[in-house]
Amino acid sequence: MNFNEKVYAACKSIPKGQISTYKEIAHAINTKAYRAVGNALNKNPFGFSYDGDVPCHRVVQSNGKVGGFAHGTKKKIELLEKEEIKIKNNKIVEFEKKCFKFAR
DNA sequence: CCCTTGACCAAAC
DNA sequence: GGTTTGGCCAAGG
């Protein structure tokens with residue numbers, strides 16, 4: 001399993017209606033490459049993600065901000081709002097509650 | 001092998 | 001509150 005596959009696998013385990021951070025993902029796959037995680041998702045082979053695929057739009061920054069998205073941050077926000085996750089001024093509302101922690 | 005580039009992070013200012 | 005700075009890791013030139 002290369003680095004990217006681990007990242008995708010971790011993303012898949014994020015349940016609908018919840019989100020996680022790049023840092024949490026990095027921790028979940030036992031690495032400290034937060035940056036490389038985002039990099040992997042940026043040029044992910046899926047291009048776009050819907051339910052059942054790799055939900056890369058459920059991954060946000062550790063400070064609660066939305067972060068980036070290949071198709072534009074606005075689009076990412078729309079996808080999140082479809083899952084009961086509200087965004088206020090580019091930040092996640094109730095971030096701490098929606099944040100999903102991987103099994104340790 | 002060195003250098004640059006990121007959908008990043010934390011601390012400092 | 002925001003912005004800058006240094007650090008982090010993987011990939012590509």
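Just so it is clear, the values below take in all heavy atoms, side chains as well, and ignore hydrogens, waters and symmetry mates. Below, chain A is the first sequence line, B the second, and so on; all start at residue 1.
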Side chain of A:Asn42 only, please: which of B:dA7, B:dC8, C:dC9 is the nearest?
->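 Taking heavy atoms from C-beta onward, the closest nucleotide is B:dA7.
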Measure from the side-chain heavy atoms of A:Lys32 and tell me the nearest of B:dA7, C:dC9, C:dA11.
->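 Output: C:dC9.
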Would you mind reading off the distance between [X] atom [atom1] and [N] atom [atom2], rounded to a whole angstrom?
X	N	atom1	atom2	answer
A:Phe3	C:dG12	CZ	P	12 Å
A:Glu24	B:dC8	CD	P	16 Å
A:Tyr8	B:dA7	OH	C1'	12 Å

Are A:Glu94 and A:Lys86 close enough for a salt bridge, meaning some N to O gap below 4.0 Å?
->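 A salt bridge is absent here (no side-chain N lies under 4.0 Å from a carboxylate O).
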Reckon A:Tyr22 touches a base, only the sugar-phosphate, or nothing at all at heavy-atom distances under 4.0 Å?
->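 It contacts base atoms.
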Please figure out whether A:Ala36 or A:Ser62 has its closest DNA chain B nucleotide nearer the 5' end.
->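 Going by which nucleotide is closer to the 5' end, it is A:Ala36.
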Has A:Asn39 got a side-chain N or O lying under 4.0 Å from the OP1 or OP2 atom of B:dG6?
->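 Indeed not, no polar side-chain atom of A:Asn39 lies that close.
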May I ask you to verify if any side-chain N or O of A:Lys23 is less than 4.0 angstrom from the OP1 or OP2 atom of C:dC8?
->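 Answer is no, no contact under 4.0 Å.
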Measure across A:Ala70 and A:Asn42 and return the closest heavy-atom pair with its distance rounded to 0.1 Å.
->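 Result for this residue pair: CB-O, 4.1 Å.
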When hydrophobic residues are tied together by side-chain contacts of less than 4.5 Å, even through go-betweens, does A:Phe100 share a cluster with A:Val93?
->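 No, no single cluster joins them.
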side-chain hydrogen bond (donor to acceptor under 3.5 Å, both in side chains) with A:Glu83: which of A:Lys98, A:Gln18, A:Arg58?
->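 For A:Glu83, the side-chain hydrogen bond (donor to acceptor under 3.5 Å, both in side chains) test succeeds with only one of A:Lys98, A:Gln18, A:Arg58, which is A:Arg58.
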